[in-house]
Every structure is written in structure tokens, then in C-alpha cells.
Amino acid sequence: MAAATAAGAAAAAAAVSLVACYLLFHKIPWARTARPSCASGRRTRRSGLVEAIGNTPLIRINSLSDATGCEILGKAEFLNPGGSVKDRVAVKIIEEALESGDLICGGTVTEGSAGSTAISLATVAPAYGCRCHVVIPDDAAIEKSQIIEALGATVERVRPVSITHRDHFVNIARRRALEANKLAPAQRESNETQTNGLAHVNSKMTNDKVAAMQRESKKTQNNDPAHVSTEMTHSRKCDPSSDSKGGFFADQFENMANYRAHYEWTGPEIWEQTKGSLHAFVAAAGTGGTIAGVSRYLKEKNRSIKCFLMDPPGSGLFNKVTRGVMYTKEEAEGKRLKNPFDTITEGIGINRVTRNFMTAELDGAYRGTDREAVEMSRFLLRNDGLFVGSSSAMNCVGAVRVARDLGPGHTIVTILCDSGMRHLSKFFNDQYLADHGLTPTATGLEFLDK
């Protein structure tokens with residue numbers, strides 16, 4: 001009964017949050033700026049799901065701005081169709097793979113993900129006529145895998161182990177793509193053999209059918225040319241339910257399409273929505289694509305803009321940025337028995353430097369705690385109607401830290417990665433938090449006082 005009540009309360013909070021975001025979008029000047037040039041070709045009425053991704057509003061987080069004397073702005077990425085900033089990455093990865101030929105229409109995109117990227121890939125893949133296979137650690141919030149399954153993707157839940165282990169979820173996803181590529185030729189050959197075996201039986205029937213179709217097509221064309229055109233266009237779309245078309249490993253951690261999605265898309269949106277009037281950007285990193293792409297773009301526009309990392313517990317990136325070393329010998333990847341992310345947050349923090357993160361241009365880093373993330377999420381819900389997930393909450397902790405260090409009068413931008421809707425079983429579960437000593441108690445921002 002208590003769980004049901006908690007879930008109902010969270011759902012109600014989400015509804016309030018969406019209304020609040022809608023009001024903010026229509027009242028706050030940050031949200032009314034012209035569409036970024038990178039999307040200037042898009043119409044008000046967008047064609048299909050993919051064109052609905054991006055151009056998310058940049059909203060003033062009133063409570064944090066008023067408390068710090070700075071303008072703290074959040075890029076509301078949870079308003080993307082797939083519910084997170086990872087929608088951009090999914091589009092870029094799939095489009096580049098299709099263009100290069102590494103993925104073909106009807107193929108299967110595989111990925112190892114703690115949730116958000118997997119949800120975005122499962123959302124976007126069908127729009128390109130592709131399928132999706134996701135490998136996810138079984139300690140991720142259960143609702144994430146439920147969402148992925150509901151979207152029609154194949155979900156494989158595995159125990160969390162070190163990235164050096166062959167059965168780490170990322171390594172399994174890579175193998176699944178290789179297996180699909182090996183299966184494709186054999187299946188095509190089998191289908192061709194079956195087709196050839198039936199050809200002589202169906203020859204006369206086929207000729208009769210072709211003649212009938214030609215007569216019907218001519219009649220239809222005379223009566224409704226538009227209908228014929230539509231049908232012809234539709235028939236050229238591949239059939240993802242047909243024989244195997246091979247696999248493609250998205251590889252979000254090392255695939256530089258991740259970085260490019262934010263360098264070419266998110267960064268330019270932030271620049272234009274602020275009219276170039278910002279002093280700092282801060283965000284946590286998992287794959288590193290967001291912070292790398294945005295920081296590089298902003299730095300190219302104005303070198304004086306400060307870019308900072310916000311790192312959760314258990315991650316080694318803070319040490320890498322501030323001290324030049326990734327971790328101590330005792331913390332080395334492969335020596336831990338479980339998941340290296342010793343934190344309640346999901347999708348951020350890592351103990352290796354990815355290709356995407358290597359391209360980031362950072363001026364410093366901050367380290368946050370689980371309690372700060374939990375308290376911040378409740379503070380934003382009470383004061384702003386913002387129902388955000390764990391990584392968004394951690395980003396806002398970082399934004400306040402940056403604001404306090406820079407002083408009043410500055411503009412700081414961060415990313416609101418996803419909503420709390422995919423964090424109900426852990427981050428927004430009262431019993432789970434109590435079991436881990438994380439029950440929120442703060443009434444204001446006193447949890448950030450040093």
C-alpha cells in the first residue's frame with residue numbers, strides 16, 4: 001500500500017512538473033529565443049519523431065537563481081520525445097552509422113547502457129526502420145528496462161561487473177552485434193534457397209499476379225494519383241521484421257558521434273538561447289559526450305566561459321581533472337568486486353577516460369554526494385515544480401557551487417538530463433533511501449553549506 005501511495009505521489013508530482021515547465025516555457029525569456037541556426041530549417045510543424053528532438057527550452061531555475069544572486073539556467077532535455085538528453089546522441093549515432101554503411105535499414109542497434117541511452121535508441125531506432133537490443137545492468141532502476149521493453153526493444157539484464165570483465169554489459173552488447181553480423185549472411189542464404197525452391201512452382205501464379213497488379217495500378221493511377229505516390233513511397237521503406245540485416249554496436253562511450261551531437265547541436269542551442277551571455281557551464285559526465293561537445297563549442301565561441309565537471313561518488317574523473325591522475329592503485333578498474341559507481345545516481349560517473357571525455361575543455365571540477373543529489377531533487381520539486389532525475393539533481397548541485405564561487409551577477413547553465421519518472425524505484429523510493437541512510441531532511445539549501 002505504501003509503495004502504491006509513493007508511486008501515486010510521484011506521478012502526481014510529475015504532472016505538476018510538466019505544467020510548471022509549460023508555464024515557464026511561455027513566461028521566461030530564456031525559453032522564447034529564436035530557434036538555433038543548427039535547426040533553422042525545421043518547421044513549426046515537425047515531420048516525424050526525429051525532428052521533434054532538440055530545441056529544448058532553457059529555463060531559469062527560480063529558486064536557485066534567487067538564492068545565489070546568479071542566473072542559473074537548466075536546459076530542459078527531459079522534454080525530448082524519449083525523455084532525456086540521450087535522444088540527441090541516439091539520432092547522431094544512428095544517422096552516422098546509416099550514412100557510413102555500418103548499419104543498414106532493418107539492422108539491429110545494440111548498446112550497453114544503464115538506461116537513458118538505451119531508452120533513446122529504442123525510441124529512435126524504429127523511425128529509421130531498425131531494431132534495438134539493449135544490455136543493461138540488473139541494479140539499474142527496474143522501470144528503465146520496463147520502458148525499453150515497452151518500446152519494442154530486446155532487453156538483456158546482466159549482473160554488474162568491471163569493464164575489464166568479458167561479461168560487462170558493454171562488452172556483451174558488442175558481442176551481440178558481432179553475432180548478428182555472423183547470423184545475417186547465413187539467414188539470407190537460407191531464405192534465398194527457400195525462395196529458389198519455390199520459384200518454379202509459383203512461376204505461372206506470379207505472372208498472373210503481376211498482370212493483375214498492373215491492371216489495378218493503372219486503374220488506381222487514373223482515379224487517384226496521390227494515393228499511388230504515397231503507396232510507392234511507403235513500399236520503399238525497409239521491413240525491420242524481415243530476415244536479419246546484421247548488427248551495429250552503438251558504443252556510446254567511445255563513438256565520437258556522441259561528442260558531435262553536442263558540439264553541433266546542444267552547444268549551439270545554448271549559445272543562441274543565452275545570446276552568448278553566459279559565464280559558466282557545469283555538468284556531470286558518464287560517457288563524456290555532453291560535457292565535451294558543449295564545452296568545446298562554448299570555448300570556441302568565447303574562451304572566457306568557464307566549464308566545470310560535477311562528479312558523483314565512486315567516480316575518478318574529479319581526480320583526473322584536478323590532479324591529472326585517474327585513481328589510486330587501490331581503486332584501479334578491475335580490482336573492485338562490483339559496480340565501480342558507488343552511488344545512488346545513475347548514468348554519470350566512471351573510472352576510465354573515454355574518447356568522448358578526452359575532448360572536453362574544462363577549467364575545474366566539483367565533487368558531489370548522494371545526499372546532496374537527493375536533497376536537491378526534493379528542493380527543486382518543492383520550490384520549482386521540477387521533477388528531475390538523479391543526474392539532473394547532481395548537475396544542479398554543481399550549478400549552485402559554481403554560482404557561489406563566481407559570486408552574484410553571473411549566468412550559469414547546466415543540463416536537466418531526464419525527469420524523475422524513470423527513477424521511481426530507487427532515487428524517489430522512500431524505503432530505498434531509508435535503507436541507505438539517505439532520507440531527505442533539509443528545508444532549504446543548508447545541505448550545500450560547507
Inter-residue atom distance T369.OG1 - I344.CD1, 0.5 Å rounding: 11.0 Å
Sub-6.0 Å ring centroid separation between F387 and F78: no
Gap separating the CG atom of L151 from the CD atom of Q146, nearest 0.5 angstrom: 12.0 Å
Short side-chain to backbone donor-acceptor contact, N351 and G314, under 3.5 Å: yes
Flag, side chain of R157 to backbone of D138, donor-acceptor distance under 3.5 Å: yes
Closest non-hydrogen atom pair, G289 against N258: CA-OD1, 3.2 Å
From CA spacing to verdict: side-chain contact (heavy atoms from CB on, under 4.5 Å), F281, I291: CA-CA 9 Å; F281 172 77; I291 197 167; 4.3 Å; yes
Test side-chain hydrogen bond (donor to acceptor under 3.5 Å, both in side chains) applied to R422 and S116, step by step: CA-CA 9 Å; R422 57 186 62 170; S116 289; 3.3 Å; yes
Partners meeting side chain to side chain contact (heavy atoms under 4.5 Å, CB included) with R303 (sequence neighbours left out): K299, E361
Side-chain (E375) to main-chain (A442) donor-acceptor, under 3.5 angstrom: yes
Heavy-atom check, side chain of F427 versus side chain of S377, under 4.5 Å: yes
Donor-acceptor under 3.5 Å (Q252 side chain, T117 main chain): no
Beyond-backbone contact of I53 with P81, side-chain heavy atoms, under 4.5 angstrom: yes
Side-chain donor/acceptor of E143 to backbone N/O of S425, under 3.5 Å: yes
Counterpart residues, side chain to side chain donor-acceptor pair (under 3.5 Å), relative to K92 (two or more places apart): E264
Pair D66 + R60, salt bridge at N-O below 4.0 Å: yes
Salt-bridge contact D435-K426 (side-chain N to carboxylate O under 4.0 Å): no
Side chain proximity check, T154 to V134, heavy atoms < 4.5 angstrom: no
Backbone of V282 reached by a side-chain donor or acceptor of N395 within 3.5 Å: no
Atom pair NE2 (H279) and OG (S304), whose distance is rounded to the nearest 0.5 Å: 7.5 Å
L298 and S295: CA distance, side-chain angles, deciding distance, side-chain contact (heavy atoms from CB on, under 4.5 Å) verdict: CA-CA 5 Å; L298 294 179; S295 66; over 6 Å; no
Contacts of type ring-ring contact (aromatic ring centres under 6.0 Å, His included), residue H436, not counting sequence neighbours: Y432
Nearest atoms (heavy-atom pairs only) where G83 meets D87: N-OD2, 3.9 Å
L381 vs L386 side-chain heavy atoms within contact, under 4.5 Å: no
Nearest-0.5 Å distance that lies between atom OG1 in T68 and atom CD1 in I412: 6.0 Å
Residue pair K320 / V353, side-chain heavy-atom distance below 4.5 Å: yes
Closest non-hydrogen atom pair, F428 against G420: CE1-CA, 3.8 Å
I59 vs L73 side-chain heavy atoms within contact, under 4.5 Å: no
Side-chain heavy atoms of L121 within contact of K86, under 4.5 Å: no
Donor on one side chain, acceptor on other, D418 and H423, under 3.5 Å: yes
Minimum-distance pair of heavy atoms, taken over all atoms of S113 and A118: OG-N, 3.2 Å
Side-chain ion pair, R88 and E269, N-O less than 4.0 Å: yes
Nearest non-hydrogen partners of S391 and I348, listed with the distance: CB-CG2, 3.7 Å
Where at least one partner belongs to residues 297-318, residue pairs that pass ring pair (Phe, Tyr, Trp, His ring centres under 6.0 Å), sequence neighbours excluded: Y263-Y297, F308-Y366
Side-chain heavy-atom pair M394, P313 within 4.5 angstrom cut-off: yes
Side-chain donor/acceptor of T414 to backbone N/O of C396, under 3.5 Å: no
Expected output: side-chain S65 to main-chain I72 donor-acceptor under 3.5 Å: yes
CG-CG distance between D311 and L317, expressed to the nearest 0.5 angstrom: 5.0 Å
From K144 atom NZ to I119 atom CD1, the distance as rounded to the nearest 0.5 Å: 6.5 Å
side-chain contact (heavy atoms from CB on, under 4.5 Å) evaluation trace for L445 with R404: CA-CA 12 Å; L445 292 174; R404 288 180 173 180; 4.3 Å; yes
Carboxylate-amine/guanidinium contact R260 E96, below 4.0 Å: yes
Check: D167 side chain, I172 main-chain N or O, donor-acceptor pair, under 3.5 Å: no
Which residues share a side chain to side chain donor-acceptor pair (under 3.5 Å) with D251, sequence neighbours left out: none
Side-chain donor or acceptor of N356 paired with backbone N/O of N255 under 3.5 Å: yes
T290 vs H262, side-chain hydrogen bond (donor to acceptor under 3.5 Å, both in side chains): CA-CA, chis, key distance, verdict: CA-CA 6 Å; T290 304; H262 300 292; 3.2 Å; yes
Lys/Arg N to Asp/Glu carboxylate O, R401 vs E372, below 4.0 Å: yes
Exercise: do S390 and E346 side chains pair donor with acceptor under 3.5 Å: no
Intermediate values then yes/no, side-chain contact (heavy atoms from CB on, under 4.5 Å), T110 and R174: CA-CA 7 Å; T110 74; R174 182 183 287 107; over 6 Å; no
By salt bridge (charged side-chain N to carboxylate O under 4.0 Å, His left out) - contacts of R176 (at least two apart): E156, E179
Least distance between heavy atoms, L433 atom then P440 atom: CD1-CD, 4.1 Å
